[in-house]
Amino acid sequence: MLTLANKLKRDSGVRGSRTSSAAPDSVRRVSIRDRLLVKEVAELEANLPCTCKLNFPDPNMLHYFQLTVSPDESYYQGGKFQFEVEVPDAYNMVPPKVKCLTRIWHPNITETGEICLSLLREHSIDGTGWAPTRTLKDVVWGLNSLFTDLLNFDDPLNIEAAEHHLRDKVKNSFPYLS
């Protein structure tokens with residue numbers, strides 16, 4: 001699957017056997033981001049949550065992929081939620097850009113697909129934002145957790161969805177209030 005990994009191996013072979021003739025730029029230069037992604041994608045595929053699936057529309061572009069999360073518990077059980085992940089050139093100094101492609105009523109996801117997940121923030125007040133030590137595995141596990149243990153009703157991005165959930169939770173906890 002990792003076509004870029006084969007390219008990196010081929011490039012290092014070209015570099016070792018290079019004479020005075022210059023190789024084309026596309027063969028000679030591989031960005032730091034792409035080198036990191038080869039390693040991180042392999043690790044991610046080996047440690048992917050069972051509720052997640054990765055899709056690389058172009059196997060030569062590891063910096064762009066789609067993630068499908070299919071929660072097996074919570075309110076969202078049985079749903080399939082698509083996310084688009086784009087890894088910028090400045091990765092791993094800046095976080096990947098993530099957007100939810102599926103319209104969803106969720107306290108931490110707006111109807112336009114913006115996501116409130118602290119590790120996706122470049123600067124975070126609580127200190128849990130992006131750091132160069134984080135990886136794509138952290139991002140995928142974080143997105144997966146938005147449907148289970150990371151539902152945040154205290155600081156929601158979609159206030160209306162959070163209020164709706166809390167109102168229904170109280171109503172269902174105390175059926176005599178209905």
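This one's a predicted model, so the numbers in the text were calculated from it and none came from an experiment.
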Value rounded to 0.5 Å, distance of [atom1] in [X] from [atom2] in [Y]:
X	Y	atom1	atom2	answer
His63	Asp58	NE2	CG	8.5 Å
Asn158	Cys116	CG	SG	10.5 Å
Thr102	Lys80	OG1	NZ	11.0 Å

Verify the cluster assignment for [X] and [Y]: are they in a single hydrophobic cluster under the rule of side-chain heavy atoms below 4.5 Å apart?
X	Y	result
Val98	Leu119	yes
Val87	Ile115	yes
Phe56	Leu143	yes
Leu146	Leu166	yes
Leu62	Ile32	yes

Contacts of Glu111 that satisfy salt bridge (Lys or Arg N to Asp or Glu O under 4.0 Å) - sequence neighbours left out: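 So Glu111 forms a salt bridge (Lys or Arg N to Asp or Glu O under 4.0 Å) with Arg103.
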Sequence-distant partners of Asp89, salt bridge (Lys or Arg N to Asp or Glu O under 4.0 Å), two or more places apart: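 Here the qualifying residues are Arg33.
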Determine whether a donor-acceptor pair (N or O, by modelled atom type, separation under 3.5 Å) exists between the side chain of [X] and the backbone of [Y].
X	Y	result
Thr51	Pro71	no
Ser31	Asp34	yes
Trp141	Asn47	yes

Given side chains that start at C-beta, do those of [X] and [Y] come closer than 4.5 Å, heavy atoms only?
X	Y	result
Phe147	Val69	yes
Leu101	Gln66	yes
Asn55	Thr68	no
Val140	Phe83	no
Lys97	Val85	no
Leu48	Leu44	yes
Gln82	Leu67	no
Pro96	Trp130	yes

Taking the inter-plane angle between the rings of Tyr75 and His165 on a 0 to 90° scale, is it parallel (under 30°), tilted (30 to 60°) or perpendicular (over 60°)?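 Rings of Tyr75 and His165: perpendicular, as their planes differ by over 60°.
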Are there more than 12 heavy atoms of other residues, nucleotides or ligands under 6.0 Å from atom CD of Gln77?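 Counting neighbours around CD of Gln77, more than 12 heavy atoms of other residues, nucleotides or ligands fall under 6.0 Å, so yes.
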Distance flag, aromatic centroids of Phe81 and His106, threshold under 6.0 Å: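 Centroid distance His106-Phe81: not below 6.0 Å, so no.
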Under 3.5 Å, side-chain donor or acceptor atoms of residues 131-139 against the rest of the protein: list the pairs with distances, not counting sequence neighbours.
{"from": "Arg134", "atom 1": "NE", "to": "Gly129", "atom 2": "O", "distance (Å)": "3.2"}
{"from": "Arg134", "atom 1": "NH2", "to": "Thr128", "atom 2": "O", "distance (Å)": "3.2"}
{"from": "Thr135", "atom 1": "OG1", "to": "Lys137", "atom 2": "N", "distance (Å)": "3.3"}
{"from": "Lys137", "atom 1": "NZ", "to": "Glu43", "atom 2": "OE2", "distance (Å)": "3.3"}
{"from": "Asp138", "atom 1": "OD2", "to": "Thr135", "atom 2": "N", "distance (Å)": "2.9"}

Check the pair Glu86, Tyr91 against side chain to side chain donor-acceptor pair (under 3.5 Å), reporting the backbone distance first and the verdict last. CA-CA 10 Å; Glu86 190 169 341; Tyr91 181 79; over 6 Å; no
Taking all non-hydrogen atoms of both residues, which atom of Gly142 and which atom of Leu117 are closest, and how far apart?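 Closest pair (atom of Gly142, atom of Leu117, distance): C-CD2, 3.7 Å.
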